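Heads up: the structure comes next, in structure tokens.
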Amino acid sequence: MSRDALVLGTWNVNSLRVRLPHLEQWLATSAVNVLGLQETKTVDGDFPAAEIERLGLVGSWHGQRTYNGVALLSREPVQDVVRGMPGYTDEQARVIAGTVRGVRIIDVYVPNGQSVGSDKYAYKLEWLARLRDYVAAELERHPRLAVVGDYNIAPADADVHDPAAWAGQVLVSDPERTALGALLDLGLSDVFRRFEQAERTFSWWDYRGGSLRRNAGLRIDLILASGDLAARCTGCWVDAGPRRWERPSDHAPVVATFDLTG
DNA sequence: ATGGCTAACATGGTTAGA
């Protein structure tokens with residue numbers, strides 16, 4: 001791998017405090033330079049800044065009590081950090097953005113939506129429409145742009161362990177996939193699908209019912225890249241290792257590499 | 001069968017996740 005490679009990751013840690021040992025163990029062998037976290041579940045005053053620094057990272061965070069929370073961790077300096085979506089008053093901490101080596105990185109924790117037709121589902125669709133507008137504006141200023149995170153949408157049936165059982169449910173419903181499609185229509189690419197992948201590759205497995213053992217998962221953690229950046233993508237994979245460790249997050253990290261030379 | 005498992009907040013049981 002070129003020393004110029006940008007290695008970009010995303011990981012829903014389901015509580016950063018609980019998963020600090022996992023983060024440390026993963027970083028010991030991962031080449032990731034920049035990592036977007038979701039579900040940090042900590043208020044900003046309790047963010048484990050000293051531990052993150054001890055791991056050799058610079059961190060920026062945007063959290064709240066109990067739920068949600070995102071952070072951008074990096075092995076190199078980050079410029080122009082922005083929390084939330086400008087112009088959208090959202091009491092839920094779900095977005096943080098920053099620039100590394102000229103690449104704009106937006107880290108998102110898309111609302112879960114709970115169930116089709118619920119108030120939370122309506123919030124999810126509204127939120128995704130706002131995200132589309134935000135990304136469209138950011139693309140005007142940043143030709144090299146990535147939107148990484150937990151999308152809480154499986155893009156296609158190939159990303160679902162049992163499409164028949166999930167048909168029409170939240171995370172796979174047509175309106176959600178249409179909203180994701182509107183994001184892709186801005187010129188973004190789900191870089192995981194630019195490469196040959198093993199069938200039934202997922203990024204999330206329910207804690208319950210032996211889902212991991214049965215590989216009953218979904219691929220809902222995505223790295224989307226603008227055309228300029230996607231053309232430089234040299235690989236993308238799910239690192240399922242940490243999902244098998246003791247007391248894991250229910251999500252695995254996803255990583256993509258980019259060659260920024262030339 | 002709305003069960004199953006985990007985390008926060010709390011210190012028993014609710015809310016939320018996906």
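As the structure is a prediction and not an experimental result, all values here were calculated from the model. Numbered from 1 within each chain, the chains take letters A, B, ... in sequence-line order.
When only modelled atom types and interatomic distance are considered, A:Y123 and A:S118 share no side-chain donor-acceptor pair under 3.5 Å. Residues A:S203 and A:D221 bring a donor and an acceptor atom of their side chains to less than 3.5 Å of each other. The closest side-chain donor-acceptor pair between A:S15 and A:E39, if any, does not fall under 3.5 angstrom. In this structure, a donor-acceptor pair under 3.5 Å is present between the side chains of A:H161 and A:W166. A side-chain donor from one of A:D259 and A:T261 sits under 3.5 Å from a side-chain acceptor of the other.
For A:W26 and A:W11, the ring centers sit closer than 6.0 Å to each other.
For the pair A:N68 and B:dA16, the criterion of a side-chain N or O lying under 4.0 Å from OP1 or OP2 is not met. Side-chain N/O atoms of A:N152 include one lying less than 4.0 angstrom from OP1 or OP2 on B:dA18.
For the segment residues 106-131 of chain A, the set of residues with a heavy atom within less than 4.0 Å of an atom of DNA chain B comprises A:Y109, A:N112, A:K120, in numerical order. Contact check of residues 198-209 of chain A against DNA chain B (heavy atom, cut-off under 4.0 Å) returns A:W204, A:Y207, A:R208. Proximity of residues 238-256 of chain A to DNA chain B (heavy atom under 4.0 angstrom from any strand atom) is restricted to A:R247, A:H251. DNA chain B is contacted by A:S15, A:V18, A:R19 of residues 15-25 of chain A, taking any non-hydrogen atom closer than 4.0 Å.
Across the interface with DNA chain B, nearest-nucleotide mapping of A:V170 and A:K41 shows A:K41 to be the residue nearer the 5′ end.
A straight line from CZ of A:R213 to P of B:dG4 spans 17 Å, rounded to a whole angstrom. Between the CG atom of A:L212 and the C1' atom of B:dG4 there is a distance of 15 Å, rounded to whole Å. In this structure, A:Q169 places its CD atom 15 Å from C1' of B:dG17, rounding to the nearest Å. Computed from coordinates, the A:E39 CD to B:dG17 P distance equals 8 Å when rounded to whole Å. Summarising the geometry, the separation between CD on A:Q92 and C1' on B:dT15 is reported as 13 Å, rounded to the nearest angstrom. Summarising the geometry, the separation between CG on A:D46 and C1' on B:dA7 is reported as 15 Å, rounded to the nearest angstrom. In this entry the distance linking CD of A:Q38 with C1' of B:dA18 reads 14 Å, nearest Å. For the pair A:R65 CZ and B:dT14 C1', the interatomic distance rounds to 13 Å; values are reported in whole Å.
Heavy atoms of other residues, nucleotides or ligands lying less than 6.0 angstrom from CD of A:Q79 number more than 12.
B:dT11 sits 27 Å from B:dT2 when the C1' atoms are compared, rounded to a whole Å. Between the P atoms of B:dA16 and B:dA1, the separation comes to 26 Å (whole Å).
For the ring pair (Phe, Tyr, Trp, His ring centres under 6.0 Å) test, no residue two or more places apart in sequence or in another chain qualifies with A:Y67.
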task: Before giving the answer on side chain to side chain donor-acceptor pair (under 3.5 Å), spell out for A:D190 and A:Y151 the whole-Å C-alpha distance, their side-chain angles and the decisive distance to 0.1 Å.
output: CA-CA 12 Å; A:D190 175 6; A:Y151 280 77; over 6 Å; no

query: Passes side chain to side chain donor-acceptor pair (under 3.5 Å), A:R94 versus A:N68? Steps please.
result: CA-CA 6 Å; A:R94 296 183 174 277; A:N68 308 317; 3.2 Å; yes

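Looking only at distances, a side-chain donor or acceptor of A:E176 sits under 3.5 Å from a matching main-chain atom of A:L171.
The residue from A:L73, A:L8, A:L72, A:V147 that alone fulfils the side chain to side chain contact (heavy atoms under 4.5 Å, CB included) condition with A:D107 is A:L72. Remark: of the listed residues A:I153, A:D162, A:V160, A:D206, A:V160 is the sole one forming a side chain to side chain contact (heavy atoms under 4.5 Å, CB included) with A:L218.
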Distance-only check: which donor-acceptor pairs under 3.5 Å involve side-chain atoms of residues 131-143 of chain A, not counting sequence neighbours?
| residue | atom | partner | partner atom | Å |
| --- | --- | --- | --- | --- |
| A:E138 | OE1 | A:R104 | NE | 3.1 |
| A:E138 | OE2 | A:R141 | NH2 | 2.8 |

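Within 4.0 Å of A:N12, counting heavy atoms only, lie sugar-phosphate atoms of the nucleic acid but no base atom.
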